[in-house]
Number of protein chains: 2
Amino acid sequence: MSLATDAADQPTLYKRIRADIEKRILTGEWPPGHRIPFEHELVARYGCSRMTVNKALSELAQADLIERRRRAGSFVRRPQHQSAVLTIADIRAEITALGRSYGYELIGRKLRAATAADRDRLGVKKAGKVVAIACRHSADKVPFAVEDRLIDLSSVPDAATADFSREPPGSWLLHHVPWTEAEHTISAIVADDRTAEALDIAVGAPCLVIDRYTWRSARTITAVRLLYPGDSHRLVARFKGG
Amino acid sequence: MSLATDAADQPTLYKRIRADIEKRILTGEWPPGHRIPFEHELVARYGCSRMTVNKALSELAQADLIERRRRAGSFVRRPQHQSAVLTIADIRAEITALGRSYGYELIGRKLRAATAADRDRLGVKKAGKVVAIACRHSADKVPFAVEDRLIDLSSVPDAATADFSREPPGSWLLHHVPWTEAEHTISAIVADDRTAEALDIAVGAPCLVIDRYTWRSARTITAVRLLYPGDSHRLVARFKGG
DNA sequence: TTGACTTATATGTCTAGACATATAATCGTA
DNA sequence: TACGATTATATGTCTAGACATATAAGTCAA
């Protein structure tokens, strides 16, 4: 995993400056707290204008690799928390990306006025109607995950008439509701009877749970719970620093 | 976007431009695929130089909110994957941040020549010595997580003499090994006898597992497995887009 | 219709300045 | 010694230009 390519093939100057500094930080040559050269020193070293080094340093600051302090200089940040970037793909995309055949099966779909439990789950005080969907995703005919979803129809009216018997609701929403925000909660449970049957695992086997709550500009869109067989599925997250 | 209502309290112009555009994207006013105004149009609208709008647009591109194409313009990106930022804090920091009292207990520490299993776990072909550590973290006297760690002494020689009876190895490493990279794998298991006893839960209860593999510039540092009671602990990840 | 060539244009990068602003360091005073 | 005022300075933002470059779109010939 080449973290910094050779300086010579870097296309532009500011990218080369950024890569040079990033390399020194990541290899530990410049440890946390180290003051990196002043802008005017880098200007002299690279023979360019201040705007060019400023752009390089600004990007490093945006990436939280350095901290810039007026009058004091720029310092390598001490990574106090481990911020991992976790990619939770659309399940269909995830499975096909693995080169396996994707299978989808709608277990149940109900359109109803929101119950108290529904409102609680969606985090709204009063809601009109909701769609509740249960479905199963499989890879190479083997159960991959079961999904239990609630969609707020006051935010996504089209979901009332959408055909979820062939298209998974996650994919449908991805194409019909642009730019949502979401919060994920990851936990573990053991399979109860229904879950065990749906995932074709033993009762009492471990399951990885992802609860996702999605909204757009303060409007609730959907709440979904995904259950994966805990011993087969893996969520991988990578991060830099810390 | 109110260009007439000149907000004197707005921090800076380029940040205002960025915020204006970001808002339109996030509210869905400008959906994915929408071409946002050309730089020269924004220059006219805001009455500033091109470098200023360029800085705003560059930051939006860096945040993956827009895509910039030469000659064609800048377009709102379609969020194809759900990239969540998952913060996995140092456990001590995590517990104290919750306002609970942190407790730490070293269960075992062994310095040994790396076995085949150790080498496999660390992903190295030949290693000299390693330290194996087992410890337990608790919050308000209640078991919070158990940790099973391997440190490669050829990368971190100081770990051989570090006193892990009082300081958790995670915290120690955080202060002694700067700027690592890591990969996390999240899964679920059910507690076996030893785990159940260490976490004070029932045998067969669900556990959330985080395996973290850490390196710095191609050198393996440590491999650690953290076990959390699955029904109590939650990993929260937030993301924008998708 | 298709492919090759040309042109127009939006973004990418860069310059050599400018003034603003926060703040570390210094100095002066009580 | 402690504290308040002053000064120096590194970063933050911005300008009005410049040339480079990728590429969408148009042009023309086979």
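Lettering follows sequence order; numbering is per chain, from 1.
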Run the side chain to side chain contact (heavy atoms under 4.5 Å, CB included) test against [X] and tell me which residues pass, sequence neighbours left out.
{"X": "Arg121(B)", "value": "Asp148(B), Leu150(B), Ala223(B), Arg225(B)"}
{"X": "Ala61(A)", "value": "Ile66(A), Arg68(A)"}
{"X": "Val124(B)", "value": "Arg119(B), Leu122(B), Ala127(B), Asp152(B), Thr220(B)"}
{"X": "Pro157(A)", "value": "none"}

Inset, instruction - Could you list all the salt bridge (Lys or Arg N to Asp or Glu O under 4.0 Å) pairs where at least one residue sits in residues 159-170 of chain B, not counting sequence neighbours? - result: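 Sorted result for residues 159-170 of chain B: empty, none.
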
Legend entry - Any Ser74(A) side-chain N or O less than 4.0 Å from OP1/OP2 of dA10(D):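 Negative; the distance criterion is not met.
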
Protein-nucleotides 12-16 of chain C N/O pairs under 3.5 Å:
from    : atom 1 : to       : atom 2 : distance (Å)
dG12(C) : OP2    : Arg68(B) : NH1    : 2.4
dG12(C) : O4'    : Arg70(B) : NH2    : 3.0
dG12(C) : N7     : Arg50(B) : NH2    : 3.4
dG12(C) : O6     : Arg50(B) : NH2    : 2.8
dT13(C) : OP1    : Lys15(A) : NZ     : 3.4
dT13(C) : O4     : Arg50(B) : NH2    : 3.1
dC14(C) : OP1    : Leu13(A) : N      : 2.6
dC14(C) : OP2    : Tyr14(A) : N      : 3.3
dT15(C) : OP2    : Ser49(A) : N      : 2.8
dT15(C) : OP2    : Ser49(A) : OG     : 2.9
dT15(C) : OP2    : Thr52(A) : OG1    : 2.5

Legend entry - Residues in ring pair (Phe, Tyr, Trp, His ring centres under 6.0 Å) contact with Tyr14(B), at least two apart in sequence or another chain: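 Per chain and number, Tyr14(B) pairs via ring pair (Phe, Tyr, Trp, His ring centres under 6.0 Å) with no residue.
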
Inset, instruction - Go through the structure and list residues passing ring pair (Phe, Tyr, Trp, His ring centres under 6.0 Å) with His176(B), not counting sequence neighbours. - result: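 Here the qualifying residues are Trp172(B).
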
Legend entry - Separation of atom CZ in Phe38(A) from atom P in dA8(D), rounded to whole Å: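 In whole Å, dA8(D) P lies 17 Å from Phe38(A) CZ.
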
Inset, instruction - To the nearest Å, give me how far apart CD1 (Ile66(B)) and C1' (dT11(C)) are. - result: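 From Ile66(B) CD1 to dT11(C) C1': 11 Å.
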
Scan nucleotides 6-8 of chain C against the protein and return all N/O pairs shorter than 3.5 Å with their distances rounded to 0.1 Å.
from   : atom 1 : to       : atom 2 : distance (Å)
dA8(C) : N3     : Arg71(B) : NH1    : 2.7

Legend entry - Salt bridge flag under 4.0 Å for residues Arg35(B) and Glu41(B):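 Between Glu41(B) and Arg35(B) there is a salt bridge, with a charged N closer than 4.0 Å to a carboxylate O.
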
